[in-house]
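A quick write-up on the structure given underneath.
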Protein chains: 2
Amino acid sequence: MDAEQAGPGTIRPGGRTARVRAVVLQAAGHALAENGLAHLDLADVAHRANVGKTTVYRRWGTAASLVADLLVDMAEQSSPRTETGTLIGDLKANARLVQRTLSDRRQGALFKAIIAAATCDDRTAGALRRFYDTRVAEWAPCVHQAIDRGELPALTDAHEVIRAVSAPLYYRLLTGGDPLDTTAADRAAEATAAAARAGAYVRR
Amino acid sequence: MDAEQAGPGTIRPGGRTARVRAVVLQAAGHALAENGLAHLDLADVAHRANVGKTTVYRRWGTAASLVADLLVDMAEQSSPRTETGTLIGDLKANARLVQRTLSDRRQGALFKAIIAAATCDDRTAGALRRFYDTRVAEWAPCVHQAIDRGELPALTDAHEVIRAVSAPLYYRLLTGGDPLDTTAADRAAEATAAAARAGAYVRR
DNA sequence: CCACTAACGGTCCCGCAGTTCCGTTAAGCT
DNA sequence: AGCTTAACGGAACTGCGGGACCGTTAGTGG
């Protein structure tokens, strides 16, 4: 799988290299949120980051590759989940977190752009999948706790439940429905909790 | 709102103009499904359609605009919904229809590309929203029938229920999860039905 | 502290997506 | 049927995104 010979940034990862990566990824995030994927110019990213455009082309090469690396960076920064003691409380906390992120002007645009990039490039799609796997795995324990408390059937698929909370929020974001408010978040959490209690997410 | 002076194709919509539109939209669909939005070349579309590339640039100008028109065309071709007599039956029929469409290699890629295009351009986003509004409105009656039968609370938001069926399927498609199978479709329908019965979609 | 070289960055260059020009075809109207 | 002109289509052009070259800067190991 790792047959590719070391690219730039792999042999001397310290100091300048790391600093350049950080500042370029940050600039890429800003540029994506402002202009969207279609108008993403790597030279513009380089300029925002006060870095030569050659550097950006050498290390990342394509917009998709840059977005993929951005996702790796985002996955590394995990925000700890809150525990409320009940399934519905935990799911609402999760839904509100997602809703707050997606309805934020900058972050929402960024996620849209990232998802668009993933549809164009397989490596980016892989990175996106890993990003969500990470996030879902962080929240899955609250479902297991609910199972232990007897709130949910024993064979409930925890990952599927967490995904079910996010799904309607992302669907709204992407199909351009009404703006995402806390009502939508709470509804997503409540619908998922009701479905889970009814056994809709037991493994078969 | 319509301050724009008539563009090409609006004054003589018959005969050749209509034929060109049909063949170009079809070619655009093929190209999108094969190469994705990022590698969509209008000259290539023109070539596939046996049409001068000048024509494509004059009438549509940008890839986003072409996709928007493609959506208008797709919204016009409605497939009739099936009626089974029960809420869960109707929702499963809807879920299976969506699942079949999205898991089809060509159609799935096409929808991905279209959603990506909508994230890049506001006019395309509007067209996408109208497309889904049309589709949702076609299926909403089955929820009203369920309310009349006493299966669901009176104030249940029909559109929200229909969207809830599609959401997890699209979420999987876009975040690159496991392939969409009939199990996923049935689960989406059952989860939505359970949540709806529990009153998660009553208007507030 | 010094040598070595990975990685950066300025400059020039090239291919092609997108545009312009103008002659040709056929839709719409009387 | 004939006239007008909307719309098409080939061909030549151009601006810019992306790449190549090479000198400069600064990590890394001794």
Side-chain angles (χ1 to χ4, degrees), chain A residues 4-28 31-32 34-69 113 116-117 120-121 123-124, chain B residues 4-28 31-32 34-69 113 116-117 120-121 123-124:
Chain A
E4 47 198 318
Q5 62 253 43
T10 52
I11 297 178
R12 285 183 185 175
R16 180 169 60 168
T17 299
R19 201 158 51 248
V20 164
R21 176 172 181 253
V23 76
V24 167
L25 290 184
Q26 194 177 330
L32 274 179
E34 278 179 37
N35 306 327
L37 178 72
H39 304 290
L40 183 67
D41 177 14
L42 295 206
D44 173 55
V45 171
H47 184 71
R48 286 170 188 255
N50 278 103
V51 151
K53 80 168 181 172
T54 311
T55 300
V56 177
Y57 278 107
R58 185 177 27 241
R59 283 191 57 181
W60 291 279
T62 68
S65 178
L66 184 56
V67 172
D69 198 28
C120 301
D121 178 75
R123 280 188 54 250
T124 308
Chain B
E4 47 198 318
Q5 60 251 40
T10 53
I11 297 178
R12 285 181 184 176
R16 180 171 58 169
T17 299
R19 201 158 52 248
V20 165
R21 176 172 181 253
V23 76
V24 167
L25 291 185
Q26 193 178 330
L32 274 179
E34 276 179 36
N35 306 327
L37 179 71
H39 304 290
L40 183 68
D41 177 13
L42 296 207
D44 173 55
V45 172
H47 184 72
R48 287 168 188 256
N50 278 103
V51 151
K53 81 168 179 170
T54 312
T55 300
V56 176
Y57 278 106
R58 186 174 29 236
R59 283 189 59 180
W60 291 279
T62 68
S65 177
L66 184 57
V67 174
D69 198 30
C120 300
D121 178 75
R123 282 186 53 251
T124 309

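Every chain is numbered from 1 and lettered A, B, ... according to where its sequence line falls, protein lines coming before strand lines.
Nearest nucleotide to the side chain of A:Arg19, out of D:dG27, D:dC8, C:dG9: D:dG27.
Between B:Ile11 atom CD1 and D:dT4 atom C1' the separation is 13 Å, expressed in whole Å. Nucleotide D:dC16 holds its P atom 16 Å from the NE2 atom of A:His47, rounded to whole Å. Counting to the nearest Å, the C1' atom of D:dG18 and the NE2 atom of B:His39 are 14 Å from each other. Taking atom CG of B:Leu40 as the reference point, atom C1' of C:dC16 lies 15 Å away to the nearest angstrom.
Checking the phosphate oxygens (OP1, OP2) of D:dC8, a side-chain nitrogen or oxygen of B:Arg59 falls inside 4.0 Å. Within the 4.0 Å cut-off from OP1 or OP2 of D:dG18, at least one side-chain nitrogen or oxygen of A:Tyr57 is found.
Between the base of D:dG17 and the side chain of A:Lys53 there is no donor-acceptor pair shorter than 3.5 Å.
Evaluated for a side chain to side chain contact (heavy atoms under 4.5 Å, CB included) with A:Leu32, the options A:Leu66, A:Val45, A:Leu40 yield exactly one hit, A:Leu40.
Shown here for B:Thr55 and B:Val51, the closest heavy-atom pair between the two residues is CB-CG1, 3.8 Å.
B:Thr54 comes within 4.0 angstrom of a base, heavy atoms only.
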- Output, in order, the C-alpha distance, side-chain angles, deciding distance and verdict of salt bridge (charged side-chain N to carboxylate O under 4.0 Å, His left out) for A:Asp69 and A:Arg59. CA-CA 10 Å; A:Asp69 198 28; A:Arg59 283 191 57 181; 5.7 Å; no
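Each of B:Arg16 and A:Leu42 was assigned the nucleotide of DNA chain D with the nearest heavy atom; the assignment lying further toward the 5' end belongs to B:Arg16. Sequence order on DNA chain D of the closest nucleotides to A:Thr62 and B:Gly9 puts B:Gly9 first from the 5' end. Positionally, the nearest nucleotide of DNA chain C for A:Thr55 lies more toward the 5' end than for the other of B:Arg58 and A:Thr55. Each of B:Asp41 and A:Arg21 has a nearest nucleotide on DNA chain C; the 5'-most of these lies closest to A:Arg21.
Listed for the A:Ser65 side chain is a donor-acceptor partner under 3.5 Å among the backbone atoms of A:Trp60.
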